[in-house]
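Below is one structure, written out as C-alpha cells; the observations come after it.
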Amino acid sequence: MIIDVLYFAWLRERIGVNREQITTSAKTVTELIEELAAIDEGHALAFADLKSLRVALDQQMARFDSSLANTREVAFFPPMTGG
Amino acid sequence: MIIDVLYFAWLRERIGVNREQITTSAKTVTELIEELAAIDEGHALAFADLKSLRVALDQQMARFDSSLANTREVAFFPPMTGG
Amino acid sequence: MRLSVQESAFDLGAETKAFANGAAGAGAIVTFTGLVRDNSGQVLGMEIEHYPGMTERAISDMMDEAQARFALTDALVIHRFGVLAPAEAIMMVATAASHRSDAFAAAEFLMDYLKSRAPFWKKELGPDGQTWVKAKEEDEAALTRW
Amino acid sequence: MRLSVQESAFDLGAETKAFANGAAGAGAIVTFTGLVRDNSGQVLGMEIEHYPGMTERAISDMMDEAQARFALTDALVIHRFGVLAPAEAIMMVATAASHRSDAFAAAEFLMDYLKSRAPFWKKELGPDGQTWVKAKEEDEAALTRW
C-alpha cells in the first residue's frame, strides 16, 4: 500500500521534507512509525519522543494504535498551538 | 435638614417628578420613606413594595437602615437593568 | 482605560479597531456588544434612562475593580442612554490582557456588574405600549460567582 | 457561519462591524482577537504553519459543535498563517446569540478548541533565532471543562 506521509513544524524541519510517499505493509500507526524511524538519522530523531507527537489519518486526529486500513494520508506533528 | 430626593424609571412615573427637595428630620432611609409615602397617593404607590426598591445615598448604593447623616442626595429606583 | 456614557450612537467597528491599535503589548482582546433585540417587529425600540453622575462613578469603580482582579492592560466601556432603534448597539465592553483567560473573565465580570449595578433602566417600546424591562434573578445571581 | 483561513491580514474593525450588521435578531455579540505579543522588542514576529485542508475541516467541526451546544445565531472564525509582525492580529472569533451567557461560552469554547485542536503551529521569530511555541498544559486542561 502507498501512503502519503506529511510532517509539520519541528518534525518537518528534522526530517527535511514536508511530505513523502511511503510503500508499506504497516497495519497500525505504531508499525508505520517503526518503519519511518529506520529510514535515517533525521527520521529517528523526529520519532524519538512519541509523547510530543500527534497523528492524523486522512485529516482526522487518530491514535498510535489506530488501523491504517483505507488510509491515504498520514500526518505527524507536535501538539498544536493555534489561536 | 434639606435633602434632594431623586426618582428613576417607574418610580419617577408614579410620583410624577424626577426630583424634589424635602425638609426632613429623618435619621435613616426607612424613616425618610415613611415621610415620603405619606405625601400623596402617587408616593404611597411608589413606596408600596420595598422589595423592588433600591436606594443610593450621594450616588453610592445603600441600605434602608443606612443613616442619612451628611447626606445631600437620596435616589430611589427599581433594580437596574443596564448592559 | 476609557469610559463613555453617551446618547449618540457609536461605531462598533471603529471603536474595536481603535481599542486594538491602542492595546500594544496585549495578546488577547475580548469585546462584548449588547444590541437592541429585534424580535420580528415586536420591539419598536428601547429607551434607556440613567442616573447622570452615579453612572460614571459606578462604572469607573467596576473598571478599577476589574483591573485589580485581572491582569488587564486596557479596558473600555461605552454605554448609551436615550432612545434606540432595533438592532442598534446599546453598549460595548472591551478588555485587553496578555492571556485570553484574563480578557474573557474581565469582560464577563464587567458585564455582570453593568447588568445589575450600573444605574440604567431599560424600557421596551412595543406595538402595544411601553414596558419597563424587569431585572432577572439570574443576573443578580451571576454576581455571586465573582 | 463563516470560516476563513488566510495568509493576508484582516481588518478587525470592518470584520466586527460586518458581523454585527449581519447578526439581526441577536442581543449579544462577543469577539475574541489574538495578537502577536510585542514584548518590548523581544519578538520580531511570528510564523504560523498549518495543515491545509485539515485546518478548515477541524474548525468547521468546532463551529458546528459550538452551534449545537449553545444557542448561537451566528459565528465567525478568521485565522491567519504565514509571517506576522508584532501587534498584528493572528485570528478572531465572533459569536452572536440572544443572551450574553451563550455568546461568551461559545467564544471561550471555540478558543479552547482552536488552541489545542486546530492544526496550527506557531514559531516565534526573536533576536536570537526562531523558536517553536510550546503547547501549554493549561491549554490542554482547558478542554476538560466542556
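Chain letters run A, B, ... following the sequence lines, proteins first, then strands; residues in each count from 1.
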Problem set entry | Interatomic spacing from CZ in Phe19(C) to OG1 in Thr16(D) - rounded to 0.5 Å |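 The CZ atom of Phe19(C) sits 12.5 Å away from the OG1 atom of Thr16(D).
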Exercise. Rounded to the nearest 0.5 Å, how far does NZ of Lys17(D) lie from CD of Glu15(C)?
Worked result: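 If we round to the nearest 0.5 Å, Glu15(C):CD and Lys17(D):NZ are 10.5 Å apart.
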Exercise. Under 30°, 30 to 60°, or over 60°: which ring-plane class applies to Phe32(C) and Phe104(D), parallel, tilted or perpendicular?
Worked result: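 The arrangement is parallel - the two ring planes meet at less than 30°.
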Exercise. Among residues 129-137 of chain C, which residues come closer than 4.5 Å to chain D, judged by heavy atom distances?
Worked result: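 Within residues 129-137 of chain C, the residues under 4.5 Å from chain D are Lys136(C).
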For this session: Spell out the residues in residues 52-72 of chain C that have some non-hydrogen atom less than 4.5 Å away from a non-hydrogen atom of chain D, in order of number; otherwise answer 'none'.
Result: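 Heavy-atom contacts from residues 52-72 of chain C to chain D are absent.
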Exercise. Checking heavy atoms, do the side chain of Ala28(C), its backbone, both or neither come under 4.5 Å from chain D?
Worked result: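 Looking at Ala28(C), backbone and side chain both touch chain D.
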Exercise. Measuring heavy-atom distances to chain D, does Ala107(C) have an atom under 4.5 Å in its side chain, in its backbone, in both, or in neither?
Worked result: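 For Ala107(C), backbone and side chain are both near chain D.
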Exercise. Is the closest side-chain heavy-atom distance between His99(D) and Glu138(C) below 4.5 Å?
Worked result: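 Side-chain contact under 4.5 Å: no.
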Exercise. Taking the side chain as C-beta and beyond, is there a heavy-atom pair between Asp112(C) and Arg100(D) under 4.5 Å?
Worked result: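 Side chain of Asp112(C) against side chain of Arg100(D), heavy atoms only: contact under 4.5 Å found.
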Between [options], which residue shows the highest count of heavy-atom pairs closer than 4.5 Å to chain D?
{"options": "Ser98(C), Ala103(C), Ala142(C)", "answer": "Ser98(C)"}
{"options": "Arg37(C), Lys115(C), Met92(C)", "answer": "Arg37(C)"}
{"options": "Asn21(C), Val36(C), Asp11(C)", "answer": "Asp11(C)"}

Problem set entry | Interchain contact, Ala94(D) with chain C, by part (heavy-atom threshold 4.5 Å) |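 No part of it gets close to chain C.
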For this session: Check Ala23(D) against Leu35(C) and note the closest heavy-atom contact, atom names and distance.
Result: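 Ala23(D) and Leu35(C) have their closest heavy atoms at O-CD1, 4.4 Å.
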Exercise. Which one of Thr31(D), Thr33(D), Val30(D), Thr95(D) has the most heavy-atom pairs closer than 4.5 Å to chain C?
Worked result: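 Ranked by heavy-atom pairs under 4.5 Å with chain C, first place is Thr31(D).
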